[in-house]
*Asks:* 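Before we start, here is the structure in question, set down as structure tokens.
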Amino acid sequence: MPSLRKYLRVHPAKSWSDIESWIKSQGDKSLFRGQADSGWSLETHFERALKEAGVNLSKAGKLEKGMIRRFQRESHQYLPHIPDSGNIPEWLALMQHHGAPTRLQDWTHSAFVALFFASIDLKPTGTAAIYSLKWDWIDKQVSAKAKALYNADRNLSKKGMFTKFCGSTRGIAKLNSFRLTVRQSNQQGTFLIPTNLRKSFEDNLIISLSAKPASYLSKLEISWSLRKTIIQELYRRNITAGSLFPGLDGYARSFRSLLAVENILDQPRII
């Protein structure tokens, strides 16, 4: 399997203007993902958890089924709404939302949302990254059989549809559950999934990209020196932890960003 670097165009950002120019160049048919460390690979939480547990990817399919079944049996104690047992995408989305390792990888239609996730945890000595991927190209690589399943049930919510879909195509696919959480809506989120769990996310992605030499995957690298400017610009666009994570927890987390916008917190003394 060739390296993902073969299909990746890397662009260093030296200013806010560079960031805006790169975002504009990606067009309106791109998905974005922000990562706090440019050196991190594109892997799912499930893939990373298996590595940490010393489990080979050859066992991923069996373990995923076991996790879903266990979550279905016990999560009713905490959930106000229980999806149909055969609606696997919705179960996976719930698991992902609440922190379980799944094959779903979070992406967003908003480059600025991705920029927030890339910059908020950026380390002083590090470099963050935003990935951009042409979702229309990914959709075109789905097999004719898989497209027919999409047309019959776009969210693959009926029993057996998710398994049939993954078994009828190769590479990466774009997927969302029919019901969206408030967080997904606020973050303009969507998921990419590896259809073959025996391979890494990057290997699945290479399969989707290898049909054409031209790159549909781009990466913007961001240094620590730009972090303050980024947070200030995102604040002006109302992109903070408070807007992306609804509720008191998100509002409280937003103060971390506000420390970079000093004039907001620098209030006059009340006598």
Side-chain angles (χ1 to χ4, degrees), residues 4 7-11 19 22-38 40-48 89-90 92-121 128-142 150 154-156 162 165-166 169 171-197 199-209 215-222 234 239 241 243-245:
L4 189 63
Y7 306 97
L8 180 63
R9 292 177 179 171
V10 180
H11 306 265
I19 294 173
W22 180 83
I23 291 174
K24 186 176 181 180
S25 72
Q26 300 311 298
D28 58 0
K29 293 185 177 181
S30 293
L31 297 177
F32 301 91
R33 177 174 172 82
Q35 297 195 161
D37 190 324
S38 180
W40 291 345
S41 63
L42 284 171
E43 62 181 4
T44 65
H45 188 185
F46 186 43
E47 185 182 338
R48 186 164 60 252
E90 189 159 343
L92 287 173
L94 275 172
M95 293 169 71
Q96 178 89 348
H97 176 79
H98 291 286
T102 77
R103 75 163 78 193
L104 305 181
Q105 191 174 80
D106 291 297
W107 289 69
T108 173
H109 289 274
S110 168
F112 294 108
V113 170
L115 186 58
F116 172 86
F117 286 109
S119 60
I120 192 63
D121 289 321
I130 304 177
Y131 287 88
S132 171
L133 179 64
K134 303 297 184 184
W135 63 260
D136 58 332
W137 172 253
I138 294 300
D139 277 353
K140 288 177 183 177
Q141 304 318 301
V142 175
Y150 258 153
R154 179 62 191 178
N155 302 108
L156 306 177
F162 180 78
F165 178 87
C166 291
T169 192
I172 294 297
K174 183 172 176 283
L175 180 66
N176 248 337
S177 57
F178 177 74
R179 291 184 180 88
L180 301 178
T181 65
V182 177
R183 186 185 299 180
Q184 281 177 278
S185 298
N186 288 2
Q187 297 176 9
Q188 299 183 48
T190 190
F191 299 119
L192 292 180
I193 62 167
T195 57
N196 183 355
L197 282 183
K199 295 181 179 292
S200 69
F201 182 92
E202 289 197 353
D203 283 347
N204 276 272
L205 180 56
I206 288 170
I207 290 171
S208 293
L209 293 172
S215 176
Y216 287 84
L217 181 66
S218 180
K219 179 181 180 182
L220 182 71
E221 293 187 331
I222 303 161
L234 292 179
I239 298 177
S243 62
L244 299 179
F245 298 93

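Index from 1, following the sequence. Scope of the values below: all heavy atoms of this structure, side chains included, with no hydrogens, waters or symmetry mates.
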*Asks:* So, do I130 and K219 sit near enough that their side-chain heavy atoms are less than 4.5 Å apart?
*Replies:* no

*Asks:* Can you tell me how far apart CD (E221) and CD (Q35) are? Round to the nearest 0.5 Å.
*Replies:* 11.5 Å

*Asks:* Measuring only between side-chain heavy atoms, which start at C-beta, is F191 closer than 4.5 Å to L92?
*Replies:* no

*Asks:* Between T108 (side chain only) and Q187 (backbone N and O only), is there a donor and an acceptor less than 3.5 Å apart?
*Replies:* yes

*Asks:* What pair of heavy atoms forms the shortest contact from P194 to R103, and how long is it?
*Replies:* O-NH1, 2.9 Å

*Asks:* Ignoring hydrogens, what is the shortest heavy-atom contact between T195 and A173? Give both atom names and the distance.
*Replies:* CG2-CB, 4.2 Å

*Asks:* How long is the span from the CD atom in E47 to the CZ atom in F201, to the nearest 0.5 Å?
*Replies:* 9.0 Å

*Asks:* I need the minimum non-hydrogen distance between K134 and G27, along with the two atoms involved.
*Replies:* NZ-N, 4.4 Å

*Asks:* Rounded at 0.5 Å granularity, tell me how far CG in L133 sits from CD1 in I138.
*Replies:* 4.5 Å

*Asks:* Look at the rings of W22 and H11 and say which category their plane angle falls in: under 30° parallel, 30 to 60° tilted, over 60° perpendicular.
*Replies:* tilted

*Asks:* Give a yes-or-no answer on whether the side chains of N176 and Q184 include a donor-acceptor pair shorter than 3.5 Å.
*Replies:* yes

*Asks:* Between K199 and N204, what is the shortest heavy-atom contact and its length?
*Replies:* O-ND2, 3.4 Å

*Asks:* Looking only at heavy atoms, which two atoms of P89 and F162 are closest? And how far apart?
*Replies:* CG-CD1, 3.9 Å

*Asks:* In terms of the angle between their ring planes, are W137 and Y216 parallel, tilted or perpendicular, with boundaries placed at 30° and 60°?
*Replies:* parallel

*Asks:* Would N196 and D203 count as a side-chain contact (heavy atoms from CB on, under 4.5 Å) here? Give the steps.
*Replies:* CA-CA 9 Å; N196 183 355; D203 283 347; over 6 Å; no

*Asks:* With a 4.5 Å limit on heavy-atom distance, are the side chains of L220 and L115 in contact?
*Replies:* no

*Asks:* Which value, rounded to the nearest 0.5 Å, describes the distance between H97 atom NE2 and L180 atom CG?
*Replies:* 11.5 Å

*Asks:* What distance do I193 atom CD1 and L156 atom CG have between them, rounded to the nearest 0.5 Å?
*Replies:* 7.5 Å

*Asks:* For A114, is there any backbone N or O sitting under 3.5 Å from a side-chain donor or acceptor partner on R33?
*Replies:* no

*Asks:* What are the two closest heavy atoms between S38 and Y131, and how far apart are they?
*Replies:* O-OH, 4.2 Å

*Asks:* Could you tell me if the side chain of F32 sits less than 4.5 Å from the side chain of V113, heavy atoms only?
*Replies:* no

*Asks:* How long is the straight-line distance from CD1 of I239 back to OG of S110, given to the nearest 0.5 Å?
*Replies:* 5.0 Å

*Asks:* Would you say that W135 contacts T190 through its side chain, given a criterion of any heavy-atom pair below 4.5 Å between the two side chains?
*Replies:* no

*Asks:* Could you check whether S208 and Q141, counting side-chain N and O atoms only, form a donor-acceptor pair closer than 3.5 Å?
*Replies:* no

